[in-house]
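Numbered from 1 within each chain, the chains take letters A, B, ... in sequence-line order. Everything quoted here is computed from the prediction, not taken from an experiment.
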Number of protein chains: 2
Amino acid sequence: MSSTNRQNRQQAESFLSSVSGRYFPNSTREFIQGSQPDIHVPFRRIHLSETLHQPTPGLKPPPNLPVDVYDTSSVYGDPNSVVDVNTGLKPLRSGWIRERTKNTDKNRVTQLAYARRGIVTPEMEFIALRENMGREHLYNPVTPEFVRDEVAQGRAIIPANVNHPESEPMIIGRNFLVKVNANIGNSSVSSSIEEEVEKLIWATRWGADTVMDLSTGRNIHQTREWILRNSPVPIGTVPIYQALERVNGIAEDLTWPVFKDVLLEQAEQGVDYFTIHAGVLHDFIELTANRVTGIVSRGGSIMAKWCMAHRQESFLYEHFRDICEICAKYDVSLSLGDGLRPGSIADANDDAQFAELRVLGELTQIAWEYDVQVMIEGPGHVPMHKIQENMDEQLKHCHEAPFYTLGPLTTDIAPGYDHITSGIGAAMIGAFGCAMLCYVTPKEHLGLPNKEDVKQGLIAYKIAAHAADLAKGHPGAQARDDAMSKARFEFRWEDQFNLALDPVTARNYHDETLPQESNKTAQFCSMCGPKFCSMKISHEVRQYSGHLGNERIDVTFKDATADEVGAES
Amino acid sequence: MSSTNRQNRQQAESFLSSVSGRYFPNSTREFIQGSQPDIHVPFRRIHLSETLHQPTPGLKPPPNLPVDVYDTSSVYGDPNSVVDVNTGLKPLRSGWIRERTKNTDKNRVTQLAYARRGIVTPEMEFIALRENMGREHLYNPVTPEFVRDEVAQGRAIIPANVNHPESEPMIIGRNFLVKVNANIGNSSVSSSIEEEVEKLIWATRWGADTVMDLSTGRNIHQTREWILRNSPVPIGTVPIYQALERVNGIAEDLTWPVFKDVLLEQAEQGVDYFTIHAGVLHDFIELTANRVTGIVSRGGSIMAKWCMAHRQESFLYEHFRDICEICAKYDVSLSLGDGLRPGSIADANDDAQFAELRVLGELTQIAWEYDVQVMIEGPGHVPMHKIQENMDEQLKHCHEAPFYTLGPLTTDIAPGYDHITSGIGAAMIGAFGCAMLCYVTPKEHLGLPNKEDVKQGLIAYKIAAHAADLAKGHPGAQARDDAMSKARFEFRWEDQFNLALDPVTARNYHDETLPQESNKTAQFCSMCGPKFCSMKISHEVRQYSGHLGNERIDVTFKDATADEVGAES
């Protein structure tokens, strides 16, 4: 082990030993209790301070209720938990899986199979509680039966391999909260369990709902094992990558038996969803001939190369029913990859893309014959005015199976900022009904993302997903916005920081110009200063309205504006 | 002068002496020549390298034509210019203004007045050439007559005070490129001409089409003078800020005579557009009583306080015709401020906001009586599903006057990342027809932006504006995307960096993992490595299609994949 590697490992160990709530001040770990003791749904509660400003003198303002937020970080976000990555997480779903497989056909253990039989699984109840986040009293709540029905209709999936009992149930569907996926991959040369698990924890800290492990190289099996045994979120993979490793990187040497072995190995380990590029048909390849950027999906290009070399139809397409049989046995969900997605604005919504989409629709119906859960992957690079068509075509041709898109990027001209070019498209397609957004980091098109890039990508995508939830009118999504805005109007600076997606950055930005503790309750910030703070003046306007002729209040304002403080002084 | 101040000044001087093309490698400054010698439209030309990959062996691929981009940085972006901020810029419009005011009524010197009389001003011709950016041959170009007609209809404005002849003509209207405004403000305690001009140059370097000078404090007149004499872009102000300084920050002490003096002073200096919050009427204030965030516009809250204190109608509203007379005399455009814009998701599209919008529509028609150019300011905080209504209502009630919005922010929960929350809304409203986007920096709600924040805000907004241009189908907007994507597919890394909005960052991100010069032509990057590079494989797929049986090509691929390079090795 080189000194750099040792250093990396030590850093990772130190990171793990420090995983706690410190990134989220004034938050606690809480649980919602379901109908049985082991349905115990974790969330994060952000506690708020009192309103100091009194709208009616002498009358104490009502308390500011805590804000509960969906949280995927599991024990890693719980200050009271001790993390031991060598032991792995508690297999919380083991009992549920054992119980229901006792009496059923073991070849169809999928959530879809149960849903179709009218069974509400503990996973479904867990999900209903999780999506409501304790706000059941405010509106029509998500019920376990609703979860079941959406799964039964194929409109939502619960990626939950029976061999990944450590995962906390979550759902991907357009009638639920919009989800975010983060990709991670190992650094291949050398790696420790601590380093691999650190990436996973880092992604869930910033809100990843699922994680795709795109590792390659020699230690691919071991790396995946470390990740699965320590992952509270579903893990997705692209099995063709491992298959290609097995044939030494020669796409033409891929065969169905090699691929099948990989699927079995990964399904047995507990992978929750597979990206399979089975819609890249031999005859579609020529549709990409005049594209500006050809085929930009890795899986898609590998399969295109195989088809061209052998002048044969894709073995993934030919063996799709065999794939479904494997998935049904473990409840691996299928994520049907868009191998011909556009890689540039010029190629958006072209014949190649939509020809493949229609095949993915056919494959969806085949998967459903096997009770296999399915979602559909989408682009890519799409200008804003062509985004809605993507969603409409997907719903139509893929029979309302959930859509899972990469961005889309709304322009090609900003490498280094593609979390933003794609965040715009992601928010829009989320609002149109896309169920999960695959994040894009600032390094897209340029290189491997580092930790900071992963964080920046996730925050941009949590913004996009939340903006989409608001736009879709998801019950309760606005509670956090309202709490933030009330804190803002009442100059509760600490609460503003704590309610933010990234409290540390919000606080640091504020403190750059006004570091003093006293300014954490000041009725202004350095942006406008006290004299020009509209919110401060707005309060005074309200006081005028409520207490006309109250000279004392007016004098208070005059005094305050005479003080010039901070950056304005 | 303190040592910190001296240091700031020295840094600014050193910045000024280094203003050159170094941020934009392989770019040159070029000009389009109009019908008379002094119509000389500057732009930036990005030169590209040759395609190395030969689609047909033996046949040289066609050259990659340079990409011309709209550029607002004027001489500051021209490596051949010598910048002397004490002299100021060349007053390029002086002759045009002198010529046409010789024979016309001097009280109506606005572009709108000329347009209505059927006159094509040199500014209009300049703008037509600038909007086309040399791509006239590709599609129906913007003609000077079209510019004139859009201005005559009130659908577009050309902010161009006759006393700011240094400005390079530009247009704000929904049938033109979407524009971006950046706010700058002085640091008030002390400042030098170099420091103030540096902020301006920095903003135009990253693409600001107009700059609002929101300076306050004692040196407000001098600061504005420095900015105007050195600004190639239109300068906007919010005159109520200076008026408030004159009455020592006591909103109640504001009077029309005080305000009028400020308007005259600023118009005489050359301010190109005034934000005036004349739509905040006395009776609307109670409509904000139950808002979560009250009144969040500074100008709006000042006027609300004044109205409440005096129990009188706003003097801005009462004296609106007097304001128009001043504007007509200097060709100051009016930017009718949305003093009651929503400051939170909860308050979006409420009665207060739309009541004010209707008054802004009335005021628009009054301004047009005086041949004064008008645009309308818009929100603020608006969830995605309520953005379209903002644009529709604005067009309807304000008679198609251009819309100029702040964001809108699509969620309240991400302080520290509001350039992203608002970049989403800005791109959308731009696509719906908003003519200019006022940028938001990462420091919004938290503090004063520094240089890096200004840059981050501008880049997010150039992305939003460009994404909107693509969505609106603006002729030629896609040329840069296509050039970027072609460079990407051909592994011309240097061209990718040079075509980027921010070449330095793009290059640095790439070089973090692959710094060697040899990798600037490598057919992969560290993101996927050589084995999994879809674009590389895609080329091989094309070679299969074109040259079936060409074993040499296949062997090349095998060799390349055997090399494991960079992060993947």
Side-chain angles (χ1 to χ4, degrees), chain A residues 249 292-298 301 304-305 308 344-346 383-385 410-417 420-421 423-424 427 431 443 446-448 459-460 463 466-467 470-471 480-482 484-486 489 500-502 505-506 509-510 513 525-527 531-532 534 537-538 541 544 561 567, chain B residues 249 292-298 301 304-305 308 344-346 383-385 410-417 420-421 423-424 427 431 443 446-448 459-460 463 466-467 470-471 480-482 484-486 489 500-502 505-506 509-510 513 525-527 531-532 534 537-538 541 544 561 567:
Chain A
V292 171
T293 45
I295 300 175
V296 298
S297 148
R298 290 193 251 170
S301 64
K305 189 147 202 275
M308 292 303 287
S344 55
I345 292 298
M384 283 197 285
H385 62 300
T410 54
T411 167
D412 305 338
I413 68 168
Y417 299 84
I420 299 179
T421 66
I424 294 166
K443 287 275 170 63
L446 295 168
L448 268 181
I459 290 195
I463 288 170
H466 184 75
L470 289 177
R480 190 171 180 179
D481 295 78
D482 292 350
M484 173 70 82
S485 290
K486 186 165 187 285
F489 195 61
L501 284 183
D502 179 359
T505 297
Y509 280 3
H510 175 269
T513 38
C525 73
S526 70
M527 190 171 176
K531 196 188 296 182
F532 288 100
S534 62
I537 303 173
S538 192
V541 171
Y544 264 117
T561 55
Chain B
V292 171
T293 45
I295 301 175
V296 299
S297 149
R298 291 194 251 169
S301 64
K305 188 145 200 277
M308 292 304 286
S344 55
I345 292 298
M384 284 196 285
H385 62 301
T410 54
T411 167
D412 305 338
I413 68 168
Y417 299 84
I420 300 179
T421 66
I424 294 166
K443 286 276 171 61
L446 296 169
L448 268 180
I459 291 195
I463 289 170
H466 184 75
L470 290 177
R480 189 170 180 179
D481 296 78
D482 292 351
M484 173 70 81
S485 290
K486 186 166 187 282
F489 195 62
L501 285 184
D502 179 359
T505 296
Y509 281 3
H510 176 270
T513 38
C525 73
S526 70
M527 190 170 175
K531 195 188 297 181
F532 288 101
S534 62
I537 302 172
S538 191
V541 170
Y544 264 119
T561 54

Gap between atom CD1 of B:Ile420 and atom CD1 of A:Ile463 - 0.5 Å precision: 5.0 Å
Looking only at heavy atoms, the pair that brings A:Ser538 and B:Ile295 closest together is OG-N, 2.8 Å
Would you say the side-chain atoms of A:Asp481 pair up with the backbone N or O of B:Asp412, donor to acceptor, closer than 3.5 Å? yes
If I take atom OG1 from residue B:Thr411 and atom NE2 from residue A:His466, how far apart are they, to the nearest 0.5 angstrom? 3.5 Å
Per-residue contact mode, B:Thr410 against chain A (heavy atom under 4.5 angstrom): both
When every non-hydrogen atom of B:Ala506 is compared with those of A:Pro415, the smallest separation belongs to CB-O, 3.8 Å
Can you name the closest pair of heavy atoms from B:Leu470 and A:His385 and give their distance? O-CE1, 3.4 Å
If I measure from the heavy atoms of chain B, does A:Ile345 come under 4.5 Å with its side chain, its backbone, both, or neither? both
Please round to the nearest 0.5 Å and tell me the distance separating atom OG1 of B:Thr421 and atom CD1 of A:Ile459. 12.0 Å
On a heavy-atom basis, which atom in B:Ser301 and which in A:Ile537 lie closest, and how many Å separate them? O-CG2, 3.3 Å
Pick from B:Ala460, B:Ala427, B:Ala304 with the largest number of heavy-atom pairs that fall under 4.5 Å of chain A: B:Ala427
Before you tell me yes or no, could you show the steps for A:Asp502 and B:Tyr417 under side-chain contact (heavy atoms from CB on, under 4.5 Å), namely the whole-Å CA-CA distance, both residues' side-chain angles and the distance that decides it to 0.1 Å? CA-CA 9 Å; A:Asp502 179 359; B:Tyr417 299 84; 2.6 Å; yes
Least distance between heavy atoms, B:Ala346 atom then A:Asp482 atom: CB-OD1, 3.5 Å
For chain B, which of A:Thr293, A:Val296, A:Thr505 has the most heavy-atom pairs under 4.5 Å? A:Thr293
Which atom names give the shortest non-hydrogen contact between B:Ala471 and A:Met384, and what distance separates them? CB-CB, 3.8 Å
Reported CD1-to-CZ distance for the pair A:Ile413 and B:Arg480, which is rounded to 0.5 angstrom: 4.5 Å
